[in-house]
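Below is one structure, written out as structure tokens, with a few remarks after it.
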Number of protein chains: 2
Amino acid sequence: MTNIKDLARMAGVSVTTVSRVLNNHPYVSKEKRTAVLEAISESNYEQNINAVHLSKGKTQMIGVVLPFSDHPYFALLLKGIAKEALENNYKLVLFQTDYMESRELEALQMLKQKQIDSLIICSRTCEWSVLEEYLQYGTIVLCENVNGKEFSSTFVNQYTIFLRTLEFLFQKGHEKIGYCIGRKTGPSSKLRARAYQEFLEKNNLPFQEKYIIDQCNYFEDAEKVMDMILYMDTPPTALIVTSDQVAAGIVTCCQKQGIKIPEELAIIGFHNEPIAKMMEISSIEIPLLDMGKHLFHQAISKDITNKEMFFHFIERGTV
Amino acid sequence: MTNIKDLARMAGVSVTTVSRVLNNHPYVSKEKRTAVLEAISESNYEQNINAVHLSKGKTQMIGVVLPFSDHPYFALLLKGIAKEALENNYKLVLFQTDYMESRELEALQMLKQKQIDSLIICSRTCEWSVLEEYLQYGTIVLCENVNGKEFSSTFVNQYTIFLRTLEFLFQKGHEKIGYCIGRKTGPSSKLRARAYQEFLEKNNLPFQEKYIIDQCNYFEDAEKVMDMILYMDTPPTALIVTSDQVAAGIVTCCQKQGIKIPEELAIIGFHNEPIAKMMEISSIEIPLLDMGKHLFHQAISKDITNKEMFFHFIERGTV
DNA sequence: TTGTATGCGTTATCAT
DNA sequence: ATGATAACGCATACAA
């Protein structure tokens, strides 16, 4: 494996000059440059990137933390990040956490160890205090409202979205509104829960624990949702489903079981995924690809910025 | 940022001893060990992993090449790889290629540059000769039958699967059989095309170019498929669809348009994804998570092995 | 059991 | 415009 030293010898110059040629630095004569270039083409030389990383103290790599990559929400976010990373000559290191804190910590560890220059956390499990400890080692970008903390972020206002959606359904005459989420403990879910509570109080509606259904991530999770609903004495008449995949699954189940949508059950999905368009499911559009793009740029930027992205209500047939 | 040298000074030992403690090597006295450990805990020390990489010539990182991560086939493969990587203390570097050769080359470049120890190519675009050039720099693992070439691989026999499926449909009385694939030029598609040709010849059936529909990757691509089929004079009576997502989309379209399945159109999907179970779509099961696991172990192994995984026909209502 | 010295391959500093 | 040399932080062969 030939290295920069060998090249220097071959071209009859110093390693510095070789490095200059390699990095397109100015101040190197035409003759020496060609001599080096020749040595390179003769030798099948390749930079040892690890040496570059050590020397520079940077790796041009960004970590991406997400619970699972086979969920459309995260897959699209990731796609947006990946596209932008590619165009800016950055590599992505993937941390699939399954919502386990230990794995999120591993990613943070890599930041500390300088294996990645910054970290994008698509869905957080750690406490703020933990994240703040690691801020000294590199940029950390989040997908939620950080409320003035020293992180960059790109997010949608989950609270507002949820409240508006609830009010919309209420105006349509729904008083028994349930919702389906991924996990109960996440930051987004807490915001939704707050919006839900306030909505109920404001409109003098009773709180029903059973109307909140979690562990809804995939199309097939709809089966479980339907089982639960059919089992209830007073099932909800409308369902906000934070994933179009699950919403599509519910619509499919209802078709099989002859439940009329929206007459017997109204459905609103999230993200306006293509499946929602095809199955004509009303959905809250969230610009995931754009968010990914923005997240990436925040990750490589020195400045701390917080960008709210806006949602868009797409009304179709299911509500 | 404190380093190994600082620790040595703090603990009153040599850097070698510190390194020994750090790496759990034997031959270090209890006293010195505790002295070092103390220095570590006092100093908020963290290994600079880049230095380790340079020194060792390895990175404990594996590259994964795939066209897109938001497709269930690749997402599941990736999930399988990621789970195993995690358990074996390896990191994954993602290369999303969109089937562009240049991006695949970038991944190979990283192998050459020693940024990754090995490379898993889930879907190949490069020619064999190109890949073989890079074999000297690290292990390359593929998801297809490599026919004796010096690569490890985990694969299913796409040719056999396709032929069996065609024969199965033929026995059910279908003579006009179409199929939907992702891209026409991939290795799998070539095998399928061969199986298709041979099947037609053997049974004296005419070849219809229009029965082969490509660019079918996502649920929503089904709309385009249906448009094409409805426009044909003699549409196929059965469709092999190499993705359950697309199959599910087609089933959905048919329901909307009142096309009876399987009477008017029989459907067989691929991968036995949960959506297939839910929508009762017949499917060819392929153990993607297991394949991912196996791929990972081949990536970190010194030996070259080739493992064929077996498929399983799941008969449900759509055929 | 411990330490010295050297190597890993590159970039950055500084002098010329 | 060019080059010698230090620095990056760690691992390891070898000596003691």
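Convention: sequence-line order gives letters A, B, ...; per-chain numbering from 1. Side-chain atoms are counted along with the backbone in the values below, which use heavy atoms only and exclude waters and symmetry mates.
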Counterpart residues, salt bridge (Lys or Arg N to Asp or Glu O under 4.0 Å), relative to Glu31(B) (two or more places apart)
none

My understanding is that only residues two or more places apart in sequence, or in another chain, count here; which of them pass side-chain contact (heavy atoms from CB on, under 4.5 Å) with Asn88(A)?
Glu84(A), Tyr90(A), Phe296(A), His297(A)

Give, for atom CG of Leu78(B) and atom OG of Ser69(A), the distance between the pair rounded to the nearest 0.5 Å.
4.0 Å

Between Gln298(A) and Thr139(A), is any side-chain donor less than 3.5 angstrom from a side-chain acceptor?
no

Do any side-chain nitrogens or oxygens of Thr17(A) fall under 4.0 Å of OP1 or OP2 in dT2(D)?
no

Atom CG of Asn24(B) and atom P of dA11(D): how far apart are they, to the nearest Å?
12 Å

When rounded to whole Å, the CG to C1' distance for the pair Asp6(B) and dA7(D) reads 14 Å

Round to a whole Å and report the spacing from CD of Gln60(B) to P of dA11(D).
13 Å

Can you give one letter per nucleotide of nucleotides 9-16 of chain C, going 5' to 3': B for a protein heavy atom under 4.0 Å from the base, S for sugar-phosphate only, - for none?
BBBB----

Check each residue of residues 32-44 of chain A for a non-hydrogen atom within less than 4.0 Å of any atom in DNA chain C, then write out the ones that pass by number, or none.
none

Would you check if there is a donor-acceptor pair between the side chains of Arg183(A) and Ser123(A) at a distance under 3.5 Å?
yes

Surrounding NZ of Lys112(A) (heavy atoms of other residues, nucleotides or ligands, distance under 6.0 Å), is the total greater than 12?
yes

To the nearest 10 degrees, what angle separates the axes at the start and end of the helix from dT1(C)-dA16(D) to dT16(C)-dA1(D), five pairs each?
40°

Run Gln60(B) and Lys91(B) through side chain to side chain contact (heavy atoms under 4.5 Å, CB included) and show every step you take.
CA-CA 6 Å; Gln60(B) 293 275 116; Lys91(B) 306 283 179 267; 6.0 Å; no

Contact list for residues 9-36 of chain B, test ring pair (Phe, Tyr, Trp, His ring centres under 6.0 Å), sequence neighbours left out
none

How are the rings of Tyr99(A) and Phe68(A) set relative to one another: parallel (under 30°), tilted (30 to 60°) or perpendicular (over 60°)?
perpendicular

Can you tell me how the ring of His71(A) sits relative to the ring of His271(A), calling it parallel under 30°, perpendicular over 60° and tilted otherwise?
perpendicular

Measure from NZ on Lys30(B) to P on dT2(C) and round the result to the nearest Å.
13 Å

Pair Arg124(A) + Glu144(A): basic N to acidic O under 4.0 Å
yes

